[in-house]
Amino acid sequence: MSGVRVRFAPSPTGYLHIGGARTAVYNYLYSKATGGTFVLRIEDTDQERSLREYEDKLLSDLEWLGITYDEGPSRPGEFGPYRQSERLEIYKEYAQKLVDENKAYYCFCTDEELEEKRNLAKEQKAAPVYDGTCRSLGKDEVAKKLAAKIPATIRFKAYEKDYTIHDTVRGEVTYPKGMVGDFVIMRSNGFPVFNYCCALDDILMKITNVIRGEDHLGNTLRQLMIYDAFNVKPPTFSHLSLLVGEDRQKLSKRHGSTSVANYRDDHYYAPALINYLILLGWSHPEEKDIFSLEEASRGFNINRFSKSPALFDFEKCKWMNGEYLKKLDVEKLVGMIDLTIPKDHLYHEQSMRWKQEVATLYVEKINKVDEILPYLDLLFSSNTEFDGPAKEVLAWETTPKIKKFLKGEIEALTIKGEKFVKAEEFEGWGNFIKKELGIKGKNLFMGMRVLLTGSVEGSELKSVIPLTPLEILYKRVYQE
RNA sequence: GCUCCCAUCGUCUAGCCCGGUCUAGGACAUCGCCUUUUCACGGCGGUAACAGGGGUUCGAAUCCCCUUGGGAGUACCA
C-alpha cells in the first residue's frame, strides 16, 4: 500500500449529484491507480440541511455505481469517526488550541452587526471582510462575556500574506494577501465551519491528495491558512472543472436529471454511466472511450484532466449505455429487462428461452433496457392498425392470396395446440407461397410482413414471427 | 465591485508542458453511400473547430501580452 490517501467528502443535504459521483470516481480511480486508500467522510456539520436519510441514499448510490471505499462510516479505520457530527469534540479541542496560541479568538458580533459591516463594505466597494472588531478584546472581557453566555463564534486570524496553490490541473494559482478577513471556524452553536473542519480532518486523516470540484478552489486559500496554523504541509490539490448544463451554468436540478438516483430509476446501467462520467473532463491515455473501472484505474493519470467545464450530453450517455447492453450476457440482460416490464405484462409468462431470444433480438435496437417495452407491446398486440404504406400493401392483388394461405396454416397449428410457429415452419410458408402461389420478391415479403405484423417495418420477420404468440398471429390474420 | 479560473468541430475531447510530423485526430450527434427486398445493427465516406487582435520565431493550436466571451468564489452553506 502506497502512502496515498484520498477522500470523497459529500454533505448529506440531498441526493448524490452526478457531479459528486464524478468527483468520487476520480478519487476512487486515483486510489486504485496508486495502491492508496480511499476515505469516505460525511460532512454533516450543517445541522439544518443534513439528513441521515440522505446519507443512506448517498451510500447506496455509491454502491450502485460500484464505487467502494476503504475507510468510512461503515468501514472504520484508524482515523475515525468518519462522520463530522461525531467529531465535534475534536474540532472544539483544536479550535481551543488555536485560541490558546493566539491564532484564533472569540467573536461576539451579532448577525445584524455583521450584515451592516458587509453592506458598508459593499457601498465602499471594498472586499467584504471582517473588520476584526473582537480581535482586540481583552482576556478578562472575553471571559466575562463567555461566562454571561453571550453567543460567541471562534474566528481564525487570517494571515496577511500571498498564498500559492500548487494544483495539478490548474498549475500555480496565487491569491494576493488581504483577500479574506478573519473567518469563523466555530459557530456559536458549537459546530465547526466547513473550511476549518475540512482542512483539519484532511490533516488528521493524513490525506495526501485532494481531488474535488473547482468550486472549492477559492476555499483552498482559507484551508491553506489552517494548514499553516497547524504547521502541516498541505496535500496536493487537483481542482476539477465543473459540470455545466445547456446554459453553461453549473449543473443543478433545473437542468433535468442530475442525481444519480434519477439515472438508476431511469434504468441506466451503472458501469455505463460511470464510464461516461469519467470521460467528462478526463481522457484515457490511449484515447479509449469504453473501459471498465478496473481498466480506467490502470490507465489513470492525474495529469489528464481537462481545465474547461464539461457539458453533460444525455445523447452520448445513452449511446454508451447501449454499447454496454450489447456486450452484456443474455442472462444478465434478461434480468435487467425483467425489472423494467410492468408486472401484468404477458412478457412475464414466457419461457426463459423466449425471453433470451427476444432480448438478443432487440438489444441491437435499444440504448436502455426500458426501451424494449414498445417492441414487446408490438409482439403482443392483436389488433393492428394499418398505416398508409401498410394499406397500400394490403391493396396489392397478391396480398389476399397470401392472407388466405396464412389463415389456413395458422389455424391448423392452433388446432394442433401449438403456441408458436417454429422458425423452420415459418420459412416453409414463404417457400410455399413462392413455389405454389407464384408470389415472390417484394409482394411476398411485404405481404407477409404487413399481414403478420401490421407494419411495413420492423425486425427480421423470421426472427419476430416465431417469437410472436400464435394466438396473436391468429387474431391478426383473421382481423378484417 | 473585487479575486481567481477557463477558451480546439453543435457536444465530449486528442494535440499544448518539450513550437515544425496538424492540409488539427477520435467519439456522440448529423448527412450520404453500401449492406439488409423493410427498420435497426454494421461497414464506408462527408459536413463541421484552433474566440479575436497583437507580438516572439525561419516557423505557433502550441510561448508571451491585450481584448472579448464564459465560469466560479466572495456566509455562523458545503
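Sequence lines set the chain letters: A, B, ... in the order given, protein chains first and strands last, and positions in each chain run from 1.
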Which is true for [X] with a 4.0 Å heavy-atom rule: it touches a base, it touches only sugar-phosphate, or it touches nothing?
X: A:R41; result: nothing
X: A:K307; result: sugar-phosphate
X: A:M446; result: sugar-phosphate
X: A:S188; result: base
X: A:S241; result: nothing
X: A:R449; result: base
X: A:C109; result: base
X: A:P176; result: sugar-phosphate
X: A:Q249; result: sugar-phosphate
X: A:K250; result: sugar-phosphate
X: A:V173; result: sugar-phosphate
X: A:G281; result: sugar-phosphate
X: A:E287; result: base

Kindly say whether [Y] contributes a backbone atom to a donor-acceptor pair with the side chain of [X] at under 3.5 angstrom?
X: A:N275; Y: A:F291; result: yes
X: A:T399; Y: A:A395; result: no
X: A:D44; Y: A:S50; result: no

Could you measure between the two [atom1] atoms, the one in [N] and the one in [M], and give it in whole Å?
N: B:C44; M: B:G55; atom1: P; answer: 46 Å
N: B:U8; M: B:G45; atom1: P; answer: 28 Å
N: B:U74; M: B:C16; atom1: C1'; answer: 32 Å
N: B:G43; M: B:A49; atom1: P; answer: 26 Å
N: B:G70; M: B:A60; atom1: P; answer: 30 Å
N: B:U13; M: B:A24; atom1: C1'; answer: 13 Å
N: B:U3; M: B:A48; atom1: P; answer: 42 Å

Let me know the distance between [atom1] of [X] and [atom2] of [N], rounded to the nearest Å.
X: A:L379; N: B:C39; atom1: CG; atom2: P; value: 20 Å
X: A:Q84; N: B:C76; atom1: CD; atom2: P; value: 17 Å
X: A:Y106; N: B:C76; atom1: OH; atom2: P; value: 18 Å
X: A:K327; N: B:G42; atom1: NZ; atom2: P; value: 13 Å
X: A:L221; N: B:A78; atom1: CG; atom2: C1'; value: 17 Å
X: A:L273; N: B:C12; atom1: CG; atom2: P; value: 17 Å
X: A:K326; N: B:C41; atom1: NZ; atom2: P; value: 8 Å
X: A:F312; N: B:G71; atom1: CZ; atom2: P; value: 20 Å

How many angstroms lie between atom CE of A:M320 and atom CG of A:L277, to the nearest 0.5 angstrom?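 Answer rounded to 0.5 Å: 10.5 Å.
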
Determine whether any donor atom in the side chain of [X] lies under 3.5 Å from an acceptor atom in the base of [N], or the reverse, and answer yes or no.
X: A:E214; N: B:G73; answer: no
X: A:D313; N: B:A29; answer: no
X: A:K316; N: B:A27; answer: yes

Going by purine N1 to pyrimidine N3 plus the second Watson-Crick contact, or the G-U wobble pair, all under 3.5 Å, which nucleotide sits opposite [N]?
N: B:U35; result: none
N: B:U57; result: none
N: B:C41; result: none
N: B:U3; result: B:A72

Among the candidates B:C76, B:C12, B:U3, find the nucleotide nearest to the side-chain atoms of A:L311.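 Nearest to the side-chain atoms of A:L311, counting from C-beta on, is B:C12.
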
Nearest-neighbour nucleotide for the A:D289 side chain, B:U37, B:G26, B:U38 considered: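 Looking only at heavy atoms from C-beta outward on A:D289, the closest nucleotide is B:G26.
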
Using a strict 4.0 Å threshold on nitrogen-to-oxygen distance, state whether A:K318 and A:E371 make a salt bridge.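 Yes, A:K318 and A:E371 are salt-bridged.
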
pair A:M205-A:Y82: side-chain heavy atoms closer than 4.5 Å: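 A side-chain contact under 4.5 Å exists here.
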
Tell me whether the OP1 or OP2 atom of [N] has a side-chain N or O from [X] closer than 4.0 Å.
X: A:R222; N: B:C4; value: no
X: A:S283; N: B:A14; value: yes
X: A:S459; N: B:U38; value: no

Classify the angle between the aromatic ring planes of A:F194 and A:H216 as parallel (below 30°), tilted (30 to 60°) or perpendicular (above 60°).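 The rings of A:F194 and A:H216 sit tilted, inter-plane angle from 30° to 60°.
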
Do the numbers put A:R155 on top of the ring of A:Y130, so that NZ or CZ is under 6.0 Å from the six-membered ring centre and no more than 45° off the axis?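 Geometry flag: set, cation within 6.0 Å and 45°.
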
For A:D44 and A:W319, find the nucleotide of RNA chain B closest to each by heavy atoms; which residue's nucleotide sits nearer the 5' end?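 First, find each residue's nearest nucleotide; the 5'-ward one identifies A:W319.
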
